2 protein chains.
Amino acid sequence: MQTPKDLHKAGLKITLPRLKVLNLFENGDNRHLSAEEVYKQLLASGEDVSLATVYRVLTQFELSGILVRHHFEGDKSVFELNHGEHHDHIVCMQCGHIEEFFDSAIESRQKKIAAEHGFAIHDHSLYIYGDCTREKCPNRRSE
Amino acid sequence: MQTPKDLHKAGLKITLPRLKVLNLFENGDNRHLSAEEVYKQLLASGEDVSLATVYRVLTQFELSGILVRHHFEGDKSVFELNHGEHHDHIVCMQCGHIEEFFDSAIESRQKKIAAEHGFAIHDHSLYIYGDCTREKCPNRRSE
DNA sequence: TTATAAATGAGAATGTTTATCATTTACTCC
DNA sequence: GGAGTAAATGATAAACATTCTCATTTATAA
Ligand SMILES: [Mn+2]
Ligand SMILES: [Mn+2]
Ligand SMILES: [Zn+2]
Ligand SMILES: [Zn+2]
């Protein structure tokens, strides 16, 4: 567990809950985590942080640029470390597996479209939903 | 108020609440409506339909292909008539104004990307967020 | 080390959506 | 057209994710 420099730079105190959450994203198994998942994984590893604090910390990390928030289909927000390079996502509707991609053709078309419609672009979100064909995929359709 | 044929085709009974909701989408001012907006607009025009029924009807219409559901940034679902041709959206973060677009270059890139990652594509969602430059655009989003 | 502002935990509250169930309504058959 | 039946509705409770409140704890700076 390290890297309090991000927290300092964001003007946030170095607290135990914040370090635990950060550690989960830096050293955990999943890049993409919901608040509930963060909360449960911390509980499971003996660290107890209140759910309210998990939500607060995730929002603060998003605001300070440490995390990025995504709105996959459905209700809950999902977060991942902000490594500085934008990317979009393909989500498996059977097993939830997520693949990341970046396509400069799509990105530049988006800029052009926004300009054509007289919009100053802030942000965008692109999610592709489908069925992955991995062996591991539990509900994999036998084609 | 007309067009019960869609309802028949979907195997749904022709009920007053369903006709009222359908009418709102067909003859109302906004193409894109949340459940709450549908409910309030019906109330405002004297028609009273319970909120539970609004949610039920919207979901049924989505399932039967009469409406399409969108997940714009934020919490609530937004619906619009399914006119058969897919399109994506640019949303103004100041005033909520929505522009629609279709870009075949983006569409084909998405197919290629899904294929490259071994995904059988079901669906996708693309939202561009920005500031529109219309005269009418106020500096606060009208919720 | 102490003072102080910030952060936390517990639980209440909020906003959106779904579930329950008694009552009403639309469609079918006579 | 009128009764029978299954489906739809309304009122409200419940579920769910998320935010708020406030008393207590903690991190930081003097
Ligand atoms: Mn990602
Ligand atoms: Mn649209
Ligand atoms: Zn899968
Ligand atoms: Zn605008």
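In the text below, chain A, chain B and the rest are named by the order of the sequence lines, each starting its count at 1. Every heavy atom of this structure was used, including side-chain atoms; hydrogens, water molecules and symmetry mates were not. Note that the coordinates shown come from a computational prediction; the quantities given were computed from them, not determined experimentally.
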Donor-acceptor check, side chain of A:Arg18 to backbone of A:Lys13, threshold 3.5 angstrom: yes or no? yes

Might you list the N or O atoms of the protein lying below 3.5 Å from N or O atoms in nucleotides 22-30 of chain C, with each pair's distance?
unit_1 : atom_1 : unit_2  : atom_2 : d
C:dC27 : OP1    : B:Ile14 : N      : 2.6

Is it true that a side-chain atom of A:Thr53 and a backbone atom of A:Val49 form a donor plus acceptor pair closer than 3.5 Å? no

Assuming nearest nucleotide by heavy-atom distance, tell me which of B:Gln60 and B:Ala52 is located more 5' along DNA chain D. B:Gln60

Backbone of A:Arg69 reached by a side-chain donor or acceptor of A:Ser77 within 3.5 Å: no

For the side chain of B:Glu107 and the backbone of B:Ser104, is there at least one donor-acceptor N/O pair under 3.5 Å apart? no

Without hydrogens or angle criteria, can the side chains of B:Glu99 and B:His97 be said to hold a donor-acceptor pair below 3.5 Å? yes

Atom CG of A:Asp48 and atom C1' of C:dT8: how far apart are they, to the nearest Å? 11 Å

Looking at DNA chain C, which of residues 30-41 of chain A put a heavy atom within less than 4.0 Å of it? none

Nearest whole angstrom, please: distance from the C1' of C:dG9 to the CZ of A:Arg56. 7 Å

Donor-acceptor pair, distance only, cut-off 3.5 Å: does the side chain of B:Asn30 make one with the backbone of B:His32? no

How close or far is atom P of D:dA17 from atom CG of A:Leu58, stated in whole angstroms? 14 Å

Using whole Å, what does the distance between atom P of nucleotide D:dG10 and atom CG of B:Leu51 come to? 11 Å

Would you mind reading off the distance between B:Leu7 atom CG and D:dA7 atom P, rounded to a whole angstrom? 17 Å

With DNA chain D as reference, determine whether A:Lys76 or B:Thr53 sits nearer its 5' end, using the nearest nucleotide of each. B:Thr53

Indicate, with yes or no, if the rings of A:Phe72 and A:His70 have centres closer together than 6.0 Å. yes

Rounded to whole Å, NE2 of B:His71 lies from C1' of D:dA17 at a distance of 15 Å

Of A:Ser50 and B:Tyr55, the one whose closest DNA chain C nucleotide lies more 5': A:Ser50

To the nearest Å, give me how far apart CG (A:Leu22) and C1' (C:dA7) are. 16 Å

Are the side chain of A:Asn82 and the backbone N or O of A:Gly65 linked by a donor-acceptor pair below 3.5 Å? yes

Separation of A:Leu42 atom CG from C:dT8 atom P, in whole Å? 12 Å

